[in-house]
Amino acid sequence: MNQQTVPAPLASGETAAEAKTKRLPFRLEFDPSRPDSPWWITIVSVLLALAACGIFIAVNGMNPVTVYAKMLTGAFGSSFGLTETLVKTIPLLLCGLGVSIAYRISVWNIGAEGQFVAGAIAATAVTVYFPGLPAYAAIPAMLVSGVAAGGLWGLLTAIPRTFFQVNELITSLMLNYVALLVLNYVVFGPWKDPQGFNFPGTPVFTEAMSLPVLGGTRLHLGLAFALAAVALYALLIRYTRWGYEWRLIGANPEAARNAGIRLSRHIMFVMLLSGGLAGLAGMAEVSGVAHRLMYGISPGYGYTAIIVAWLARLNPAGLIISSFLFGGLIVGGYSVQTIGLPSSTSSMLQGAILFFLIAGGMIGKFRLRRNV
Amino acid sequence: MDLFVQLFAAAMASGTPLLLAALGGILIERSGIIQLGVEGMMLMGAIVACLTFLRTESLALALLAVFAVSAVLGLLHAFLTVSLRANQIVSGLAMTLFGAGLSAYLGKPVSGIPMPGAVPKLYLPWLENVPAAGGLFANLDMLTWFSFILVLAMHLFIHRTSWGLHLRAIGDNPATADVMGIRVQAFRYGCVTVGSMLIGLAGADLLLAFSPTWIEGMTAGRGWIAVALIIFARWNPIRALLCAYFFGMLDTLGFRIQLLGSEIPSYFLKMIPYLVTILVLMVLGWRSRNKPSGAPEALGVPYIREQRL
């Protein structure tokens, strides 16, 4: 890189500011070429986020330490809590993986929520229109239709982006609301269980439409899907041409374009994959956990997935850890309801964690220099 | 005629929060910083207005509190993006997620409580008998009038003052602006803070004037529509006014169609604003495929003094 420097500023305001910094013995210098912050900064960031939110918990008249202890034991302290946490890990891992793939090539898919719901609706459609299918046909059919619907929902974001230069952030988010409205329409309208005492949900699935579970727990086959998907993603990124091209696009899209990589094709494929994974999560949730499609099927998994991906720095192994932690945060959020805090405590924590992660991620790029 | 006036009045009522948010966003983005936290900031503005107003019954105090909280959130975004040079998109997303979570947390005890009429109306008797204008402007609330003044003031500020020239210079080419002696970082801090206060005001207006009951997630994507509005308006305050009323009209359209006794389920009618947003962005993208979009050229690029261009 050429070392030509920008000429010294002329205005008095700027020089005054510089004179002021010169008086301090040290200054912070920003260097974009420095590596990312070390890994332990991530832990410090999460702890600082918890401390900051402790203020809001204290405002509500609670002791933050008690609340956090309650969340921890609720999520990880018993075999029931641990299973619940793992059950929440499945959709977070699948959606988090989906958005990670998109973020890797700087496609800002924030529509995992809608893609999840689309997958859940499409999987349920199989059970509504073909109620008599045996298990060996019903499960694969639900799987295919859920993944396809999620993928198509993702493509609805990719097509405006590639052919019309439309910002994918806005499109993917608008489509979340559309998917939720479709969900509300079917569960309050045509698919509502006639014997459900007006509960906004479909009839409960039969045994044949439910994913197999582990022993007597609520842990279902979706966990295997999610882990397999993460393993495939790790291999894809490391050993295939596509993975290489994605890494290249992520590092420098302009250089990738000049090297002859067709960005538009990659964006379409990545969004198909990203949406498909979220759709798979939706299918697994209705078939493995809820055993029906119902109002509020997702407590914001698609949004939490954004933070999961960021906490893992888009790294496959990191995704497993971060989705498990956030699964615990959601379960912990439910458990503090028993001591009178709203379950939105956990969504507040999630947002704060992302803030501190962003700040922590930049700290490594600063260097303390002695002023001479 | 009467129907037209009614429709336009409804469009203005639901368009004003969008307009205020878009104006705040324009100010921020003109300085070269992307602000995607509009949704979360509007929610925070709404809940702060709700909590303060329910406790004090004073509009002035409520707005003051909204300004203070929004300014703090804006400073946070500015610190992350201007000082730390963090990814502006992710910082905005964090603001949206945090705002949604914190407002839901704070709003739990006041959820569903109807607010008493908060924003005083400006009654202009001499306008009342003028056709059309009377129905529209004779009995508008103060915040709507404020939004009119703000549109004009921002237009004049951006295009007619030397500070506005500095603003545009910073948004298009911060290195050159820096050489000219404009304090890029300080200016960006100021724009993000003031713009965030306007976005908070948009949330307060939504709660106090448009739908006076706090419901978790009550903005329902309006913050994101405001982000899209900035693009439709090509970062221009006067065009933002027209676009905001167009979307305000769409917002009420579903309700109107229902009143006419339509058979279409309301869920599909509620999709109209979201789908039209995507469609308009597509048409705009197609029409301007070889033209500049009007976006500030350095939008989203962190400025680092020592870096060669």
Side-chain angles (χ1 to χ4, degrees), chain A residues 1-7 9-14 17 29-30 32 56 59-60 108 110 156 160 163-167 169-171 173-178 181-182 184-185 188-189 303-304 306-307 310 341-342 344-352 354-355 357-359 361-363 365-366, chain B residues 36 39-40 76 79-80 84-87 89-91 93-102 104-108 175 178-183 186 216 220-221 224-225 227-228 231 265 267-268 270-271 273-275 277-278 281-286 288-289 293 302 304-309:
Chain A
M1 189 174 277
N2 191 330
Q3 284 302 305
Q4 179 193 352
T5 49
V6 174
L10 303 171
S12 55
E14 198 64 60
E29 199 173 82
F30 182 73
F56 294 110
V59 164
N60 234 346
W108 299 104
I110 52 173
L156 286 183
F163 299 110
F164 300 91
Q165 286 89 49
V166 177
N167 185 326
L169 281 151
I170 299 171
T171 328
L173 196 101
M174 296 284 118
L175 287 171
N176 285 350
Y177 287 103
V178 175
L181 284 167
V182 175
N184 292 352
Y185 168 66
F188 283 101
Y303 299 112
T304 308
I306 300 167
I307 313 172
W310 209 254
L341 279 176
S344 45
T345 312
S346 82
S347 37
M348 167 181 76
L349 278 169
Q350 290 174 20
L354 185 54
F355 261 129
L357 283 176
I358 299 167
M362 298 309 291
I363 281 176
K365 302 225 181 267
F366 283 86
Chain B
L36 294 175
E39 179 87 2
L76 189 62
F79 174 69
L80 286 171
L84 294 184
R85 281 97 166 171
N87 185 321
I89 292 173
V90 187
S91 173
L93 284 180
M95 186 68 79
T96 290
L97 294 171
F98 180 64
L102 183 58
Y105 175 80
L106 295 173
K108 195 75 183 175
D178 196 358
V179 173
M180 282 166 56
I182 303 168
R183 296 181 61 181
E216 190 178 321
W224 290 95
I225 290 179
V227 171
I231 301 171
Y267 303 101
F268 293 101
K270 281 185 195 149
M271 292 177 193
Y274 309 119
L275 293 176
T277 304
I278 298 176
L281 280 174
M282 282 169 75
V283 170
L284 215 69
W286 184 252
S288 66
R289 55 196 179 281
S293 66
I304 303 155
R305 165 75 71 76
E306 285 81 8
Q307 202 180 44
R308 201 187 65 90
L309 283 179

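Per chain, numbering begins at 1; letters A, B, ... match sequence-line order. Computed from a prediction, not measured in an experiment: that's the story for all the values here. Heavy-atom basis, side chains included; hydrogens, waters and symmetry copies ignored.
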Discussion item. The criterion is side chain to side chain donor-acceptor pair (under 3.5 Å); which residues satisfy it with Tyr105(B), sequence neighbours excluded?
Written reply: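 For Tyr105(B), the residues satisfying side chain to side chain donor-acceptor pair (under 3.5 Å) (neighbours in sequence not counted) are Asn60(A).
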
Worksheet item: Can you list the residues that meet the side chain to side chain donor-acceptor pair (under 3.5 Å) rule with Ser91(B), with sequence neighbours excluded?
Response: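 So Ser91(B) forms a side chain to side chain donor-acceptor pair (under 3.5 Å) with His77(B).
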
Practice prompt. Evaluate the criterion side-chain contact (heavy atoms from CB on, under 4.5 Å) for residue pair Ile225(B) and Met174(A); output intermediate values, then yes/no.
Written response: CA-CA 8 Å; Ile225(B) 290 179; Met174(A) 296 284 118; 3.6 Å; yes

Contact origin within [X] toward chain A - heavy atom pairs under 4.5 Å:
X	result
Lys108(B)	side chain
Leu281(B)	both
Leu102(B)	both
Phe268(B)	side chain

Interface moiety of [X] toward chain B, non-hydrogen atoms closer than 4.5 Å:
X	result
Val178(A)	both
Leu349(A)	neither
Val182(A)	both
Gln350(A)	neither
Ile307(A)	side chain
Phe366(A)	side chain

Identify the heavy atoms of [X] and [Y] that sit nearest to each other, and give their distance.
X	Y	result
Ala86(B)	Ile358(A)	CB-CG2, 3.3 Å
Met362(A)	Arg85(B)	CE-O, 3.1 Å
Gln165(A)	Gly285(B)	OE1-O, 3.7 Å

Fill in: Closest-packed option against chain B by number of heavy-atom pairs under 4.5 Å, given Tyr185(A), Trp310(A), Tyr303(A)
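Most heavy-atom pairs within the cutoff with chain B belong to Tyr185(A).
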
Worksheet item: Looking at Ala100(B), Ala220(B), Ala186(B), Ala228(B), which makes the most heavy-atom pairs under 4.5 Å with chain A?
Response: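 Most heavy-atom pairs within the cutoff with chain A belong to Ala220(B).
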
Worksheet item: What option among Leu106(B), Thr96(B), Thr277(B) has the most heavy-atom pairs under 4.5 Å with chain A?
Response: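 Greatest number of close heavy-atom pairs with chain A: Thr277(B).
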
Gap between atom [atom2] of [Y] and atom [atom1] of [X] - 0.5 Å precision:
X	Y	atom1	atom2	answer
Thr171(A)	Tyr274(B)	OG1	OH	15.0 Å
Trp108(A)	Leu93(B)	CH2	CG	7.5 Å
Ile170(A)	Ile278(B)	CD1	CD1	9.5 Å
Trp224(B)	Ile110(A)	CH2	CD1	3.5 Å
Leu36(B)	Asn167(A)	CG	CG	7.0 Å

Worksheet item: Side chain of Tyr177(A), backbone of Gly221(B): donor and acceptor closer than 3.5 Å?
Response: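 Yes.
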
